[in-house]
Amino acid sequence: MRELQTRRSGTTQTTGKQHRRLSATAGASPPNALPFTATSLSPIDRISTTREITDLLAQGAAVAIGISGGKDSQAAATATFQYLDKIGHRGPRLLIHADLGSVEWADSLPTCERLSAQLGTEFIIVRRKQGGLMDRWESRWRSNVARYENLSTVTLVPCWSTPAMRFCTSELKTSKIHAELKRRFTRLPIISVTGVRRAESTQRARAEIMDHKPGEQIWTWRPILDWSEAEVFASLHAWGIEPHPAYRQFGLSRVSCRFCIMSSLPDLVAAAGQPETHDLYRQMVGLESRSTFAFQGARWLGDIAPHLLRPDMQARLAAAKDKAARRRAAERRLSKQMLYVKGWPTRMLSDGEADLLAEVRAEISTMLGLRAGFLDRASIHTRYAELLEIRANRRTAE
């Protein structure tokens with residue numbers, strides 16, 4: 001397998017032989033097929049699909065399986081390839097990986113490359129041109145500070161992704177993958193396969209087998225939606241596919257970023273125990289200290305492995321925790337009616353509200369060393385009037 005030197009639209013292309021057709025018939029496997037013998041309990045019989053997906057596949061839709069290096073995407077890719085072979089799918093198929101930069105495990109990309117080699121299929125890598133996820137968190141903090149200083153928001157906003165706001169997935173993975181697939185397959189319907197399973201979380205338990213927005217060229221398909229974790233590992237074993245070493249060597253229960261917003265406490269501890277994560281760990285704790293926002297809501301990443309921090313970093317973290325408590329206390333003085341909502345601002349503030357907001361802004365700005373403007377009643381009234389005029393002009397233009 002060789003890697004092409006051309007890079008387009010933030011992508012790297014790896015090519016190999018034409019994808020291998022996976023046999024589902026015992027004793028009749030071609031030389032390059034995976035070491036798998038079908039039985040009545042074959043994983044291929046557990047593929048979840050819909051009539052719409054079946055029809056698209058019959059039409060020769062392009063199929064792209066998103067792989068991260070984790071077990072679920074490995075299983076989804078291999079099961080999907082075998083299913084496509086069984087039904088005689090003749091459309092293009094490939095594997096695609098969104099590289100998030102320094103937050104990724106060193107073994108993630110090689111694990112994806114090995115899977116591509118085993119399947120004998122094209123492998124595409126997409127990246128955010130402005131940098132990886134750590135760069136996005138850093139730039140988000142700078143942007144949030146600028147918005148606060150300019151009174152474009154009422155309170156400071158966290159720099160980190162959250163379970164409710166997973167821009168790490170939407171911006172750095174889904175949007176980049178979909179853009180590349182649309183560029184490649186302009187005349188075909190596209191099926192984007194993910195390894196999401198309902199058993200992973202209460203949120204994913206509500207996932208559908210297929211999603212599609214009317215008028216869009218891409219359908220999202222979740223073929224192993226109802227698989228258990230045991231079925232995933234058993235299937236990888238049956239196929240002769242080695243899972244990411246983070247599961248068995250590092251002791252992680254899930255593989256995504258080295259430190260993930262969704263990671264359990266044991267997974268964070270296990271990740272911090274790996275030397276390859278130490279520089280990233282210190283960088284992330286540094287952002288916690290500067291922003292006064294903990295990585296996981298109330299859980300500070302700096303508390304996971306404080307022995308990895310220099311004394312000066314430990315001192316800055318302790319100060320950040322104190323500032324975070326004082327910042328939250330100051331922001332709690334603002335009434336619910338004063339807080340940011342969609343379409344903010346919706347009205348002018350009263351004199352009393354403007355005085356209170358000025359007081360809170362001055363306190364937080366001094367505490368965090370910000371250069372906030374609009375620190376008195378008059379300037380706040382002027383700013384709100386300006387924002388309301390901008391909003392009204394936008395509505396008129398629409």
Side-chain angles (χ1 to χ4, degrees), residues 133-165 167 259 261 268 280-306 308-341 344-345 348-387:
L133 182 54
M134 190 69 224
D135 300 294
R136 180 67 179 92
W137 285 330
E138 293 275 11
S139 66
R140 179 176 167 82
W141 175 240
R142 292 191 296 270
S143 175
N144 290 348
V145 166
R147 292 180 67 237
Y148 186 81
E149 291 176 337
N150 194 42
L151 189 49
S152 294
T153 185
V154 179
T155 60
L156 273 172
V157 179
C159 48
W160 310 108
S161 324
T162 68
M165 188 171 54
F167 58 84
F259 299 105
I261 58 167
L268 291 175
L280 175 66
Y281 177 79
R282 296 184 186 99
Q283 187 178 5
M284 293 177 69
V285 173
L287 183 53
E288 280 188 317
S289 298
R290 294 197 307 278
S291 68
T292 69
F293 283 97
F295 178 55
Q296 287 186 339
R299 178 179 289 156
W300 295 82
L301 190 61
D303 289 336
I304 299 300
L308 297 177
L309 305 176
R310 299 186 307 270
D312 61 313
M313 295 187 71
Q314 293 181 16
R316 285 196 291 272
L317 180 63
K321 292 178 182 179
D322 176 67
K323 291 177 182 178
R326 289 190 284 134
R327 170 180 53 77
R328 290 192 297 269
E331 292 173 342
R332 281 196 295 268
R333 301 207 301 271
L334 303 174
S335 68
K336 183 178 180 180
Q337 292 73 26
M338 295 173 64
L339 298 179
Y340 188 95
V341 294
W344 174 91
M348 291 292 292
L349 298 181
S350 68
D351 286 349
E353 288 174 327
D355 288 341
L356 176 58
L357 181 57
E359 179 183 306
V360 169
R361 284 175 58 80
E363 182 178 339
I364 291 176
S365 181
T366 299
M367 183 193 313
L368 300 187
L370 308 182
R371 300 176 181 177
F374 311 102
L375 300 179
D376 60 74
R377 178 195 298 179
S379 63
I380 285 178
H381 279 326
T382 299
R383 177 59 172 159
Y384 267 66
E386 176 187 17
L387 292 169

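Everything numeric in this text was worked out from a predicted model, so none of it was measured.
- Salt bridge Glu138/Arg290: present, at least one basic N to carboxylate O contact under 4.0 Å.
- Both cation-pi conditions hold for Arg136 and Phe167: the charged atom is under 6.0 angstrom from the six-membered ring centre and inside a 45 degree cone around its axis.
- The nearest pair of heavy atoms linking Ile261 to Gln296 is O-NE2, 3.2 Å.
- Between Arg383 and Ser152, the side chains place a donor N or O and an acceptor N or O closer than 3.5 Å (distance only, hydrogens not considered).
- Trp160 pairs by the ring pair (Phe, Tyr, Trp, His ring centres under 6.0 Å) definition with Trp137, Phe295, not counting sequence neighbours.
- Counting only heavy atoms from C-beta outward, the side chains of Met313 and Leu317 never approach each other to under 4.5 Å.
- Annotation: the span from Asp322 atom CG to Arg327 atom CZ amounts to 11.5 Å, rounded to 0.5 Å.
- Residues passing the side-chain contact (heavy atoms from CB on, under 4.5 Å) test with Thr153, sequence neighbours excluded: Arg147, Tyr148, Val157, Tyr340.
- Here the closest heavy-atom approach between residue His381 and residue Leu349 is recorded as CE1-O, 3.0 Å.
- Closest of all the heavy-atom pairs between Ala358 and Ile380 is N-CD1, 3.5 Å.
- Inter-residue side-chain proximity for Glu288 and Phe293 is flagged as unmet; no heavy-atom pair is nearer than 4.5 Å.
- Closest heavy-atom contact between Met348 and Ala385: SD-N, 3.6 Å.
- With sequence neighbours left out, Phe259 forms a ring pair (Phe, Tyr, Trp, His ring centres under 6.0 Å) with Tyr281.
- Closest approach of Leu309 to Arg282, counting heavy atoms only: CD2-CG, 4.3 Å.
- In this structure, CZ in Arg326 is found 4.5 Å from CE in Met367, a value given to the nearest 0.5 Å.
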* **Evaluation steps, salt bridge (charged side-chain N to carboxylate O under 4.0 Å, His left out), between Arg299 and Asp303** => CA-CA 8 Å; Arg299 178 179 289 156; Asp303 289 336; over 6 Å; no
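- Of all heavy-atom pairs between Glu353 and Ser350, the closest is OE1-N, 2.9 Å.
- Using a 4.0 Å cut-off between a side-chain N of Lys or Arg and a carboxylate O of Asp or Glu, Glu359 and Arg333 qualify as a salt bridge.
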* **Leu387 and Trp344: CA distance, side-chain angles, deciding distance, side-chain contact (heavy atoms from CB on, under 4.5 Å) verdict** => CA-CA 8 Å; Leu387 292 169; Trp344 174 91; 3.6 Å; yes
